[in-house]
**Q** 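Please find one structure pasted underneath; my questions will follow.
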Amino acid sequence: MLDINWIKANPAAFDAALSARKNVPFKASELIAMDDSRRAAILAVEEAQALRNALSKQIGQAKAQKDEARANELMAEVAALKDAIQAGEATRKEAEEKLRNALLVIPNIPLEEVPRGADEADNVEYFGPNGSPATAAKARPQKPTFTFKPREHFETGEALGQMDFEVAAKISGSRFVVLKGHLARLERAIGQFMLDLHVDQHGYTEVQPPLLVKDDALYGTNQLPKFKEDLFVATTSTELELQEMQDLFKEIVDRDEDTRELLERLEGLESTSDGTEQGGGLRELLHELKETRRFDFQQMDQARTKGVALFERLENLPKGLWLIPTAEVPLTNLVRESILSEDELPLRYTALTPCFRSEAGSAGRDTRGMLRQHQFNKVEMVAITTPETSGDEHEKMLSDAEDVLKQLGIHYRVMTLSTGDMGFGAQKTYDIEAWLPGQDTYREISSVSVCGDFQARRMDARVKGKDGKIRHVHTLNGSGVAVGRALIAVMENYQQEDGSIAIPEVLQPYMKGLKSIGARS
RNA sequence: GGAGAGAUGGCCGAGUGGUCGAAGGCGCACGCCUGGAAAGUGUGUAGGCGGGGAACCGUCUCAAGGGUUCGAAUCCCUUUCUCUCCGCCA
């Protein structure tokens with residue numbers, strides 16, 4: 001979320017910066033107008049409140065002096081203010097929500113140095129802070145050479161009998177895979193290796209976070225409210241049942257049958273205060289409705305109103321949780337709603353977790369193989385820094401991710417994403433693309449972003465400086481790296497003519513010294 | 001899942017309708033004391049929002065949301081979370 005005060009001070013810069021972005025729904029002038037009405041509403045309410053508070057104090061004093069006449073006079077005066085205050089509160093709330101909802105769907109401002117562009121075609125290759133193509137080439141692993149035509153990972157995996165898409169489809173549908181035997185172990189080895197690397201050598205703290213999270217956490221890291229369709233929801237069967245009952249209720253009410261008894265029973269339920277009891281009673285009632293259809297609805301409107309109101313209350317009971325699309329969500333939210341002290345920073349967290357993505361917008365893309373799955377493992381890195389150090393931390397995080405590929409001996413390149421290709425919350429993003437000889441192309445294996453205070457504002461994560469000043473922290477996140485894709489890269493880069501896969505040296509300890517996954521293993 | 005008890009500032013903890021953003025303590029900061037430190041001692045010490053050039057003023061916040069009241073940390077309702085006991089469970 002951007003700072004409205006900043007937008008107000010720099011409206012031209014705001015419009016210019018976001019013209020490079022897609023789908024920006026508001027202009028600075030519109031937001032400033034919203035803020036003006038918000039401030040006006042606040043001022044009106046607070047003036048009325050100040051008056052009320054002052055009069056109330058006088059009432060207290062008058063009562064203490066037993067001056068009832070004076071007290072009554074003042075009370076009448078305050079009573080008149082009451083409506084004004086309540087109306088003012090409503091206006092204020094509405095104005096505040098309007099502005100907040102607008103700010104929540106505005107993407108972050110790209111940093112100066114980010115290449116302007118429309119899409120991935122405008123991304124620019126990056127060779128490090130002081131790097132050149134030559135120095136980068138020297139520091140990075142080379143492309144492997146083959147004396148045969150390299151196969152894609154799923155050809156090798158299926159031939160080994162250790163990668164099975166068909167059975168996965170039976171169990172879970174498309175975009176799932178089952179790994180078995182040495183290949184399953186190799187996947188685990190890659191995850192362990194990367195996690196150990198970041199913990200032991202790069203200064204990150206290992207975390208086991210929850211995989212199911214609340215709305216608030218997803219607002220914090222900007223998956224909500226804009227990217228709901230990319231997520232999976234975990235709901236309990238009770239919640240599904242509630243939904244079903246509601247549909248049934250509507251159907252029955254619409255059928256225009258006798259409601260007298262129904263109404264009485266709804267009233268009975270309404271008078272009980274316990275939500276669980278209400279839910280239970282409602283369920284029982286609806287079962288009965290479903291079985292007998294014996295109600296004769298005459299007081300239709302009343303019944304409808306009461307039923308709907310009851311359901312509304314029940315909807316405030318427990319809601320579903322979301323499956324994390326990346327460990328960025330729980331890791332970044334570790335600092336939500338807190339004020340850190342400056343010498344705690346930087347905080348560096350890493351976790352190996354499954355990630356769940358609906359891939360709603362990518363039907364038909366990458367359908368073969370395990371490149372794009374609904375569920376995959378990923379090692380994630382998150383850093384929380386002061387505003388001054390986030391730029392340097394971004395370079396460090398990139399090199400931490402690169403180190404994974406260097407140690408695995410996999411050739412790659414780094415791209416600075418253009419403004420059109422960058423994610424919603426990023427100020428600047430580097431993608432690492434691993435070389436996949438089977439596909440004869442580079443594919444994204446890691447994405448490292450600096451978000452400035454964009455997420456910190458949403459989460460209300462702050463830092464108190466040595467001077468006592470409180471500011472929002474900066475947040476960064478990066479994959480270090482995606483495990484499933486790293487497995488693909490290993491399988492394609494280390495494949496042998498006979499269909500076996502050599503195991504990179506750094507992984508061998510995790511494979512009990514196994515040097516190769518053979519055709520008959 | 002059942003029964004009960006709770007949630008107050010960075011932390012602990014008092015406060016059951018009026019001048020309470022909140023006693024006291026710890027912690028922290030600065031000063032005094034000291035050769036230096038400890039101890040002792042004094043002062044200060046929440047955040048958001050709005051107004052103002054500023055000093056400062058106003059407003060909101062005692063888990064969250066709603067209500068009662070002229071006035072709520074305090075009374076009522078709902079939700080969330082924590083703890084204890086019982087049940088179930090990897």
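The chains referred to below are lettered A, B, ... by the order of the sequence lines, with proteins before strands, and numbering in each begins at 1. Because the structure is a prediction, the values reported are computed rather than measured.
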**Q** For RNA chain B, whose closest nucleotide is more 5', that of Met75(A) or that of Ile339(A)?
**A**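 Comparing both residues, the 5'-ward one is Ile339(A).
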**Q** Just how far, in rounded Å, is P of rU80(B) from CG of Asp215(A)?
**A** 14 Å
**Q** Rounded to whole Å, please give me the gap between CD in Glu46(A) and C1' in rC49(B).
**A** 7 Å
**Q** How far, in whole Å, is rG15(B) from rA7(B) if one measures between their P atoms?
**A** 11 Å
**Q** Contact class for Ala79(A) (heavy atom, under 4.0 Å): base, sugar-phosphate, or nothing?
**A** nothing
**Q** Can you name the one residue among Glu393(A), Gln455(A), Arg458(A), Glu328(A) that meets side chain to side chain donor-acceptor pair (under 3.5 Å) with Thr475(A)?
**A** Gln455(A)
**Q** Looking only at the side chain of Lys93(A) (C-beta and beyond, no hydrogens), which of the listed nucleotides rG47(B), rG58(B), rG66(B) gets closest?
**A** rG66(B)
**Q** Nearest-Å distance, NZ (Lys57(A)) to P (rC70(B))?
**A** 19 Å
**Q** Taking the C1' atom of each, how far is rG17(B) from rA72(B), in whole Å?
**A**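 Taking atom C1' in both rG17(B) and rA72(B), they lie 7 Å apart.
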**Q** Tell me whether the side-chain N/O atoms of Arg39(A) come closer than 4.0 Å to OP1 or OP2 in rC49(B).
**A** no
**Q** Report the base-pairing partner of rG36(B) (Watson-Crick or G-U wobble, both distances below 3.5 angstrom), or none.
**A**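 Because no pair has both required distances under 3.5 Å, rG36(B) counts as unpaired.
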**Q** Measure the distance from CG on Leu51(A) to C1' on rG58(B) and round it to the nearest whole Å.
**A**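 The answer, rounded to whole Å, is 12 Å.
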**Q** For Gln49(A) and Glu96(A), take the nucleotide of RNA chain B holding the closest heavy atom to each; which residue's nucleotide lies nearer the 5' end?
**A**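 Residue closer to the 5' terminus by nearest nucleotide: Glu96(A).
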**Q** Grab the CD-P distance between Glu337(A) and rU61(B) for me, whole Å please.
**A**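 After rounding, the reported distance stands at 18 Å.
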**Q** Hunt down the Watson-Crick or G-U wobble partner of rA3(B), both distances under 3.5 Å, from any strand shown, or write none.
**A**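 Result: rU84(B).
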**Q** Report the distance from atom NZ of Lys214(A) to atom P of rU79(B), rounded to the nearest whole Å.
**A**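 Value for this atom pair: 15 Å.
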**Q** Using Watson-Crick or G-U wobble geometry with both distances under 3.5 Å, which nucleotide pairs with rG44(B)?
**A**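 Across all strands, the one nucleotide that pairs with rG44(B) is rC28(B).
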**Q** OP1, OP2 of rG50(B) versus side-chain N and O of Arg38(A): anything below 4.0 Å?
**A**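 For rG50(B), OP1 or OP2 has a side-chain N or O of Arg38(A) closer than 4.0 Å.
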**Q** Quantified in whole Å, what is the P atom distance between nucleotide rG65(B) and nucleotide rU8(B)?
**A** 16 Å
**Q** Taking only the C1' atom of each, what is the distance from rC77(B) to rU68(B) in whole angstrom?
**A** 11 Å
**Q** At 4.0 Å (heavy atoms only), tell me whether Ile42(A) reaches a base, stays on the sugar-phosphate, or touches nothing.
**A**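 It contacts sugar-phosphate atoms only.
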**Q** Would you indicate what Ile59(A) reaches in the nucleic acid, counting non-hydrogen atoms under 4.0 angstrom: base, sugar-phosphate, or nothing?
**A**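 Base, at least one base heavy atom under 4.0 Å.
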**Q** Taking only Lys NZ, Arg NE, NH1 and NH2, and the carboxylate oxygens of Asp or Glu, determine whether Asp35(A) and Arg38(A) approach each other closer than 4.0 Å.
**A**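 Between Arg38(A) and Asp35(A) there is a salt bridge, with a charged N closer than 4.0 Å to a carboxylate O.
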**Q** Give me the distance, rounded to whole Å, that separates rG13(B) from rA23(B) when you measure between the C1' atoms they each carry.
**A** 10 Å
**Q** Scan every strand shown for a Watson-Crick or G-U wobble partner of rG71(B), both distances under 3.5 Å, and answer none if you come up empty.
**A**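 Base partner found: none.
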**Q** Could you measure between the two C1' atoms, the one in rA14(B) and the one in rU74(B), and give it in whole Å?
**A**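 It works out to 13 Å between them.
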**Q** Within the structure shown, what part of the strands sits under 4.0 Å from Arg462(A) by heavy-atom distance: base, sugar-phosphate, or nothing?
**A** sugar-phosphate
**Q** Atom CG of Leu74(A) and atom CD of Gln58(A): how far apart are they, to the nearest 0.5 Å?
**A**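 Result: 5.5 Å between the selected atoms.
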**Q** Within the structure provided, determine whether Trp322(A) and Asp215(A) are in side-chain contact (heavy-atom separation under 4.5 Å).
**A**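 The answer is yes, as the side chains (C-beta and beyond) meet within the 4.5 Å cut-off.
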**Q** Nearest 0.5 angstrom please: Met459(A) CE to Ser338(A) OG, how far?
**A**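 Between atom CE of Met459(A) and atom OG of Ser338(A) there are 8.0 Å.
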**Q** Distance check needed: rU79(B) P versus Asp216(A) CG, whole Å only.
**A**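 The distance from CG of Asp216(A) to P of rU79(B) comes to 18 Å, rounded to the nearest Å.
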**Q** For rC70(B), take OP1 and OP2 only and decide whether either is under 4.0 Å from a side-chain N or O of Arg70(A).
**A** no
**Q** Give the nucleotide from the list rG65(B), rG58(B), rC60(B) with an atom nearest to the side chain of Arg52(A).
**A** rC60(B)
**Q** Can you tell me if the side-chain N/O atoms of Asn53(A) get under 4.0 Å from OP1 or OP2 in rC70(B)?
**A**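 Indeed not, no polar side-chain atom of Asn53(A) lies that close.
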**Q** Counting side-chain heavy atoms from CB outward, which of rG58(B), rU19(B), rG18(B) is closest to Ser56(A)?
**A**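 When the side chain of Ser56(A) is considered, rG18(B) is the closest of rG58(B), rU19(B), rG18(B).
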**Q** Given that both distances must come in under 3.5 Å, which nucleotide forms a Watson-Crick or G-U wobble pair with rG65(B)?
**A** rC77(B)
**Q** Grab the CG-C1' distance between Leu74(A) and rC70(B) for me, whole Å please.
**A**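 Leu74(A) atom CG is separated from rC70(B) atom C1' by 9 Å.
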**Q** For nucleotides rG42(B) and rG4(B), find the distance between their C1' atoms and express it as a whole number of Å.
**A** 47 Å
**Q** Could you tell me whether Lys93(A) and Glu89(A) have a side-chain N and a carboxylate O separated by less than 4.0 Å?
**A**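 Glu89(A) and Lys93(A): not salt-bridged.
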**Q** Can you tell me how far apart CG (Leu104(A)) and CD (Glu97(A)) are? Round to the nearest 0.5 Å.
**A**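 Going from the CG atom of Leu104(A) to the CD atom of Glu97(A) covers 10.5 Å.
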**Q** Would you mind classifying the nucleic acid contact of Ile470(A) as base, sugar-phosphate or nothing, using non-hydrogen atoms under 4.0 angstrom?
**A** sugar-phosphate
**Q** Under a 3.5 Å cut-off for both contacts, is rC20(B) paired Watson-Crick or G-U wobble with anything, and if yes, with which nucleotide?
**A** none
**Q** In whole angstrom, give me the gap between the C1' atoms of rU80(B) and rG87(B).
**A**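 About 24 Å, rounded to a whole number of Å.
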**Q** Would a 4.5 Å heavy-atom cut-off, applied to side chains only, mark Thr385(A) and Leu345(A) as touching?
**A** no
